[in-house]
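Below: the structure, in structure tokens.
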Amino acid sequence: MPQELVIHTPENAEIRVPLAGMFSRAAAFVHDVLLQMTILVFVHIGFVFFVENFRMNHRGLYSSQLFQGLHMMVLFALVFGYYTYYELFADGQTPGKKAYNLRVVTLSGQRVGLFSSLLRNFLRIADFMPFMFMAGLLSTLITDRHQRIGDLFAGTVVIITEEVLPK
Amino acid sequence: MTVELTDNSDARFVACLDNLESSEVSRRRQAIATLEQIGGVRALQVAAALTGDADQIVASSARRICSEAGKKGLVQRSFLKTQALPQTVAIKSFMQLLDEVVFIMRRNLAEVVRDSFLFSIPKFSLVTLFFLCPFYEPLLEIVSQPWLICLLIFIYEIFWRPLVWVSTGNAFLAGFPDNSVRRQSRQFSGRKLYRPLLRAGLVEAVLYALILSSVFWWHFNLNSIGALLGVLGFFWLAAWLHSSSSVPVILLRNKDSEEVVWLSGYSRNFWVSIKLGATLAVLYFVVLSSIASLMWLLGFAEWINGPIVFIFGYFIAADALIDPFVIGYRLLLTRLSMDPRLL
């Protein structure tokens, strides 16, 4: 099984990029989750203050539960949008991936597109099954390019960005 | 007709590639015709990528180039033998070390899984015994006897464990990137190494079995805090014990070794062991919770809420699944310590 992503250019040249292993990816994920949780705590505190203030002044609108729904939408966007945002606007690197020198790219080595990014991140739910990302772990272990289920569907891989030459 | 390689001027070839990448049909067809005239290895490599082109004329010309090149004895890259594995791997962090263990396992995954499954049959049998308890009341009384479980643990760790090392360890060595280790794995003699491995791993096995037995004993006889302390102590001491390399050294040298080998320096390996302990704790949690969730999803919820003895069943099942990784980790760490150039 290869440890590298082999990319063929149109000129039939061959570029080899090292693939990331499951432990580096898991460590980057934990890093991202901690960051997400910190953001969520601050967002939640801000939202509570805002809603409390709003409740005092606009009692009727508050009872329509519009803000509770808005709160849920913000939380959803933060949980799922976090990865998509960084994958699209930070060259495939979330802060966690950056800390571990990892990057998400397509199978041809290109930057990830919006659809691919959304798909690979929504399918984290499938990777989570039956619990604690067991399906994702198994998929990473047995697939040729160390892809979790989301990666398989979106046609993406996680590579190591820093090529370290042996001494 | 043989086309001289000197005909393949760079300018013509580059122009050909540019034209082939364009979206104009006429330019592409002209380019493939020029490529056919140029011939040679470079033309073959480009043509090989165009044999399935959407434009039938380009595709048929590409196939013709490949066919002509084949008649002249040229072969495409994909027909060459698989490239040799790179013999050096740069490991810069603990996570990369763990990744490398997985990479090595993947290179010989079928054998590692087969051997570890075969030699975990005693563990899986015990798990089955635990899970059959709700259906046979007398069985629950038998397996609830701490002395029986402890006896089984001692027998397994002392007499069966060397066999696990020989089989799973050997399968793991066969996936190493360096040729010397792979060659060594082919010259293995389990019969010759069983006694040295049993002797070398005796202290470790007795300590390991004592800790594991204490956890069982505590759980059956003391309160839950004792059990928790036992589990924590088990992870810490088990991880610390991994800094003893007497058993992996015998496998790596493929000969008996009288000395007790420790990895270089207690303080350094203490932190590595703590990290490994934490990683193993997470892995056990992932596997245990996944097994429990899977059973719940499959409709065996009563097995999750069943007798406390089930927890040990889950634990042993998780242990059987994680064991090849631990063996691989110890072998790799020992290999890296044996040859400082590899660090």
Side-chain angles (χ1 to χ4, degrees), chain A residues 1-4 6-31 33 96-97 99-102 108 126-147 158-167, chain B residues 13-14 16-18 20-21 42-50 76-78 82-83 85-109 113 175 177 279 282-283 285-298 325 341-343:
Chain A
M1 282 185 175
Q3 234 172 275
E4 293 166 323
V6 182
I7 301 163
H8 291 279
T9 65
E11 291 82 13
N12 216 24
E14 200 176 86
I15 299 170
R16 290 173 175 266
V17 189
L19 290 163
M22 67 164 76
F23 283 97
S24 301
R25 290 180 68 172
F29 177 72
V30 170
H31 190 290
V33 166
K97 286 195 174 70
Y100 287 88
N101 294 321
L102 310 178
S108 56
D127 282 302
F128 190 82
M129 298 298 282
F131 195 66
M132 288 301 288
F133 292 96
M134 193 60 179
L137 278 178
L138 286 177
S139 171
T140 313
L141 189 67
I142 59 174
T143 52
D144 272 358
R145 298 186 185 96
H146 308 217
Q147 290 164 293
V158 181
I159 58 165
I160 299 172
T161 53
E162 187 190 27
E163 180 61 66
V164 186
L165 294 172
K167 288 175 186 174
Chain B
F13 187 70
V14 170
C16 246
L17 293 180
D18 286 341
L20 279 170
E21 280 181 22
R42 288 191 298 182
L44 169 66
Q45 284 178 343
V46 177
L50 294 168
Q76 288 172 45
R77 243 186 124 74
S78 56
T82 313
Q83 290 181 339
L85 290 167
Q87 292 210 18
T88 47
V89 178
I91 296 171
K92 291 179 76 181
S93 67
F94 182 70
M95 286 300 159
Q96 280 185 349
L97 181 70
L98 299 181
D99 281 342
E100 192 54 32
V101 175
V102 178
F103 289 153
I104 294 172
M105 267 173 67
R106 280 166 52 101
R107 289 201 196 104
N108 199 22
L109 192 62
V113 170
T279 309
V282 172
L283 277 178
F285 175 68
V286 169
V287 176
L288 283 171
S289 52
S290 295
I291 295 171
S293 306
L294 198 63
M295 294 188 85
W296 182 77
L297 284 172
L298 294 173
F325 172 75
R341 285 173 308 166
L342 295 173
L343 284 172

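Within every chain, numbering begins at 1; the chains are lettered A, B, ... in the order of the sequence lines, protein sequences first and strands thereafter.
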Where does [X] contact chain A at under 4.5 Å (heavy atoms): side chain, backbone, both or neither?
| X | answer |
| --- | --- |
| Leu283(B) | side chain |
| Leu98(B) | both |
| Ser93(B) | neither |
| Phe285(B) | side chain |
| Leu297(B) | side chain |

Of all the heavy-atom pairs spanning Arg106(B) and Asp144(A), show the shortest one and how long it is. NH2-O, 3.1 Å
Inter-residue atom distance Met95(B).CE - Met22(A).CE, 0.5 Å rounding: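 Spacing of CE (Met95(B)) from CE (Met22(A)) equals 12.5 Å.
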Point-to-point distance, once rounded to the nearest 0.5 Å, from CG of Leu19(A) to CG of Asp99(B):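 Here the rounded value is 11.0 Å.
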Heavy-atom distance under 4.5 Å between the side chains of Leu97(B) and Phe23(A), does that happen here?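 Not touching, per the 4.5 Å side-chain cut-off.
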Find the one option among Asn108(B), Val286(B), Val282(B) whose heavy-atom pairs under 4.5 Å with chain A are most numerous.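 Top option by heavy-atom pairs under 4.5 Å: Val286(B).
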For chain B, which of Ser24(A), Ala27(A), Ala20(A) has the most heavy-atom pairs under 4.5 Å? Ser24(A)
I'd like to check the ring-ring contact (aromatic ring centres under 6.0 Å, His included) partners of Phe133(A); sequence neighbours left out, ordered by chain and number. Phe29(A), Phe128(A)
